[in-house]
Amino acid sequence: MVMQSHKRQALIWTLSLVGIAVSSFVVLFACQPFAFSKPRQPLSVRLDSSGPYVILTTAAADRDYQRAIQKAEALHPHATRLKFSLEDLESLLDSLRTIQPRYALIFIKPDELDVNFAWKWLALTTRLDDDPLVDVSSGFITGANPDAVTSFMERTAKAVKGESTLPGKLIDNFGPNPQAPRNQFLQHAGCFMIPVYQERTALASISHGADGFTDSRLDALQGAGLIHLGGHGDPDGVIDGLQGQQAKQLKLSPSVIFNGACYTGVTSRWYKQWTPKGKVESKTVSAEKSFCLNLLDNSTIAYLAALHPDHGIPVYQEMEYLAYTGHSLGDVMRHTHNGVILGNGGMLPELEPFVDQMPSPKWTPSDVMLKGTAARILFGDPALIVSEAFTKPPFEITTKRSGADQLQISAVLSNLQLKSEFTDTYHADLASNKQLFNDRALIVVDLPEDWQDISSVEVTDVRAAGEDIPNRLLGYAVETEGQRQRLHLQVDLPTTGYMQSPFRQKGAMVVLKVRR
């Protein structure tokens, strides 16, 4: 989790996570309606079979991961298999434009995967058509050795076939609380940060001090089909929290794990961006210490994490998006990357590759968070669906024509159980406290079939409880899929505190005028 400063880190931890709970457990136990929720039915795991599917392999992965690749082909018998060169990723572009895949599963060796490759792949996936958004939902498959990769695919197959189940429970491990006693370990029912999951799963939360997650706690995450890990991270683990060598020993049920800590998706090479010398340093984590590789060799069937400094709220946004859409995990990560594009004004940020000993890039705080979130990837099958939608979307949206070439779109806020969904994690210029974030209305709406091009989008009204709310249209883009056009846009709004704003009330409305 990367914030703008250590002061900001402490403030957000204090306000949003267990810093509040440490004082009399006010927040975590304020969630009484669901704090003692009963165990729920297992999650409904299946594969999305819509659209073309491609299986991509590097030359080394194609040589060493044959058994795992065959298992992937058995799960996706109509997939097209392509081999590519790391040095010439561009050569895939023509084939991908011809196939127009809905999903891409990429087999890659640990020492071939780094943030440079992830960024390069992300940029490529925005170029399969003319719009700026991501055109294919992707997942990566790797492991410490070929047997680990085969086992990863076998766990996926067993879950899809119903031979293993993901328990209907979510555990949110906030990570180490800098305000807590070093040896403290607290585990409670309920969840402050992602309460919407009360509608589908049992809920539990963990917080601990800097020395609190000991080897005696390796069973603390057992029985959960969904797990969130937070905190600040390095490639070998969560700082003052779970370590890489513990990750393999954790007693886990079959599960999907969302990680918001920096670097915890690193499999080998990583880049330390800021050093005393003002130079980027290329580093390597061993397979034995890699948090990611050890976790992938446990009972996980999917893992969402970052290959560079990340920050914590997008991971909660992924989980909320899953809750109200029921979409595949590949689509969840695609939504995150499309959010980066909208957060950058409707275009992908410039993702300059790192080179050892190059001068440290002079990134703004927004750059850090946009480009870090662009480094998040999914380890696992991108077509994997782990749950049906179980809550309402954030907005009720209506569209009506006002003339042949104009639409009026109204988005009415309807689901206040969502929290991170309404936070712009990249900008703070409209916040009363510039250490925090703006709020946002992220709106996606289908356009009429005959609307091929948009000439303008205008915010005509933002209102809550009869009051006008200042706003800014941050960015928009029109996504084209076959004959369907879908408008994505983000409107930023002022905040008065952490996840507090005049907009966050039921019935708040955004009205837009769209012209072609």
(Q) Keeping Ser205 on the side-chain end and His188 on the backbone end, is there a donor-acceptor pair under 3.5 Å? (A) no
Q.
Which residues pass the side chain to side chain contact (heavy atoms under 4.5 Å, CB included) test with Ser137, not counting sequence neighbours?
A. Arg102, Tyr103, Asp331, Arg334
Q: Indicate yes or no for a side-chain donor-acceptor contact from Arg200 to the backbone of Gln41 under 3.5 Å, with no hydrogens or angles considered.
A: yes
Q.
Can you confirm whether the side chains of Tyr426 and Asn344 place a donor and an acceptor under 3.5 Å from each other?
A. no
Q. Taking the side chain as C-beta and beyond, is there a heavy-atom pair between Leu322 and Val386 under 4.5 Å?
A. yes
Q: Give the ring-plane orientation class for Tyr324 versus Tyr321, where under 30° counts as parallel, over 60° as perpendicular and anything between as tilted.
A: perpendicular
(Q) Quick one, Tyr263 with His308, criterion side chain to side chain contact (heavy atoms under 4.5 Å, CB included). Give me CA distance, side-chain angles, the key distance, then yes/no. (A) CA-CA 5 Å; Tyr263 293 116; His308 198 58; 3.9 Å; yes
(Q) Would the distance check show the side chain of His427 and the main-chain N or O of Gly343 forming a donor-acceptor pair, the cut-off being under 3.5 Å? (A) yes
Q | Closest approach of Met193 to Ser420 (non-hydrogen atoms, all atoms of both residues) | A | CE-OG, 4.3 Å
(Q) Once rounded to the nearest 0.5 Å, what's the spacing between atom CG of Leu474 and atom CG of Leu493? (A) 10.5 Å
Q.
For the CZ atom on Arg46, are there more than 12 heavy atoms of other groups (residues, nucleotides or ligands in this structure) within a distance under 6.0 Å?
A. no
Q) Does Arg401 have any side chain to side chain contact (heavy atoms under 4.5 Å, CB included) partners at least two apart in sequence or in another chain, and if so, which? A) Leu407, Pro448, Asp450, Trp451
Q: Find out whether Glu396 and Ser410 are in side-chain contact, i.e. whether some heavy atom of one side chain is under 4.5 Å from a heavy atom of the other.
A: no
**Q.** Salt bridge present between Arg516 and Asp405 (N-O < 4.0 angstrom)
**A.** yes
Q: Walk me through it: do Thr264 and Asn259 pass the test side chain to side chain donor-acceptor pair (under 3.5 Å)?
A: CA-CA 7 Å; Thr264 47; Asn259 198 330; 3.2 Å; yes
Q.
Please evaluate residues Asp446 and Arg486 with respect to the criterion salt bridge (charged side-chain N to carboxylate O under 4.0 Å, His left out), reporting the C-alpha separation (whole Å), side-chain torsions for both, the decisive distance (0.1 Å), and the verdict.
A. CA-CA 4 Å; Asp446 286 332; Arg486 189 180 295 113; 3.2 Å; yes
Q: Would you give the length of the straight line joining atom CD1 of Ile385 to atom CG of Leu43, rounded to the nearest 0.5 angstrom?
A: 12.5 Å
Q: Could you check whether the rings of His311 and Phe437 sit parallel, tilted or perpendicular, using 30° and 60° as the cut-offs?
A: tilted
Q.
Is the shortest side-chain heavy-atom distance between Leu418 and Pro393 below 4.5 Å?
A. no
Q. Would you say the side chain of Leu430 lies within less than 4.5 Å of the side chain of Pro470, judging by non-hydrogen atoms?
A. no
Q: Using the side chain to side chain donor-acceptor pair (under 3.5 Å) rule, take Ser44 and Glu388 through it: C-alpha gap first, then chi angles, then the decisive distance, then the call.
A: CA-CA 7 Å; Ser44 307; Glu388 71 291 342; 3.3 Å; yes
Q) Does atom CD of Glu458 have more than 12 heavy-atom neighbours, drawn from other residues, nucleotides or ligands, at distances under 6.0 Å? A) yes
Q) Ignoring hydrogens and geometry, is there a side-chain-to-backbone donor-acceptor pair from Thr300 to Leu295 under 3.5 Å? A) yes
Q) Looking at side-chain heavy atoms only, is the closest gap between Asp114 and Leu307 below 4.5 Å? A) no
Q. Is there a donor in the side chain of Thr423 and an acceptor in the side chain of Arg504, or the other way round, less than 3.5 Å apart?
A. yes
Q | Tyr197/Cys191 under side chain to side chain contact (heavy atoms under 4.5 Å, CB included): CA gap, chis, key distance, verdict | A | CA-CA 9 Å; Tyr197 272 81; Cys191 182; over 6 Å; no
Q: Enter the distance from Leu47:CG to Tyr53:OH here, rounded to the nearest 0.5 Å.
A: 7.5 Å
Q: Please tell me if the side chains of Pro382 and Leu105 come closer than 4.5 Å, counting only heavy atoms from C-beta onward.
A: yes
**Q.** Nearest atoms (heavy-atom pairs only) where Pro502 meets Pro494
**A.** CD-O, 3.9 Å
Q) Is it true that atom CG of Asp130 has more than 12 heavy atoms of other residues, nucleotides or ligands lying nearer than 6.0 Å? A) no
Q. Would you say Trp119's side chain and Lys371's backbone share a donor-acceptor pair under 3.5 angstrom?
A. yes
Q. Taking it one step at a time, do Asn438 and Asp429 satisfy side chain to side chain contact (heavy atoms under 4.5 Å, CB included)?
A. CA-CA 7 Å; Asn438 296 347; Asp429 58 300; 3.0 Å; yes
Q. Minimum heavy-atom separation for Pro195 to Leu203, with atom names?
A. O-CD1, 4.3 Å
Q: Establish, from distance only, whether the side-chain atoms of Thr336 and Glu318 form a donor-acceptor pair under 3.5 Å.
A: yes
Q) Hey, what's the ring geometry for Phe354 with Trp363, parallel, tilted or perpendicular (30° and 60° as the breaks)? A) tilted
Q) Do the rings of Tyr303 and Phe291 sit parallel, tilted or perpendicular, given the 30° and 60° boundaries? A) tilted
Q: Check salt bridge (Lys or Arg N to Asp or Glu O under 4.0 Å) between Asp367 and all other residues, then give those that pass, not counting sequence neighbours.
A: none
Q) Under the 3.5 angstrom rule, does the side chain of Glu320 hit a backbone N or O of Glu421 as a donor-acceptor pair? A) yes
Q: Applying side chain to side chain contact (heavy atoms under 4.5 Å, CB included) between Gln408 and each of Val514, Thr398, Val511, Leu512, report the one that passes.
A: Val511
Q) Nearest 0.5 Å, what's the CG-CG distance between Leu229 and Leu242? A) 6.5 Å
Q: Quick one: closest heavy-atom pair of Pro176 and Ile239, and the distance?
A: CG-O, 3.1 Å
Q) Considering all heavy atoms of both residues, which atom of Arg127 and which atom of Leu93 are nearest to each other, and what is their separation? A) NH2-CD2, 3.2 Å
Q) How long is the span from the CG atom in Asn433 to the OG1 atom in Thr495, to the nearest 0.5 Å? A) 8.0 Å
Q: Please name all residues satisfying salt bridge (Lys or Arg N to Asp or Glu O under 4.0 Å) with Asp381, sequence neighbours left out, ordered by chain then number.
A: none
Q: Could you give me the CA-CA distance, side-chain angles and deciding distance for Gln417 and Gln198, then say whether side chain to side chain contact (heavy atoms under 4.5 Å, CB included) is met?
A: CA-CA 9 Å; Gln417 285 294 298; Gln198 66 178 304; 2.6 Å; yes
(Q) Applying salt bridge (Lys or Arg N to Asp or Glu O under 4.0 Å), can you list everything that pairs with Asp424, at least two apart in sequence or on another chain? (A) none
Q) Counting N and O atoms only, with roles assigned by atom type, does the side chain of Ser501 sit under 3.5 Å from a partner on the main chain of Phe503, one being a donor and the other an acceptor? A) yes
**Q.** Heavy-atom side-chain proximity of Leu221 to Ile257 below 4.5 angstrom
**A.** no
**Q.** Backbone N/O of Leu128 and side chain of Asp135: donor-acceptor pair under 3.5 Å
**A.** yes
(Q) Between Asn338 and Val134 (side chain of the first, backbone of the second, donor and acceptor by atom type, cut-off under 3.5 Å), is there such a pair? (A) yes
Q.
If I take atom CD1 from residue Ile409 and atom NZ from residue Lys513, how far apart are they, to the nearest 0.5 angstrom?
A. 12.5 Å
Q) By side chain to side chain contact (heavy atoms under 4.5 Å, CB included), which residues pair with Ser49, not counting sequence neighbours? A) none
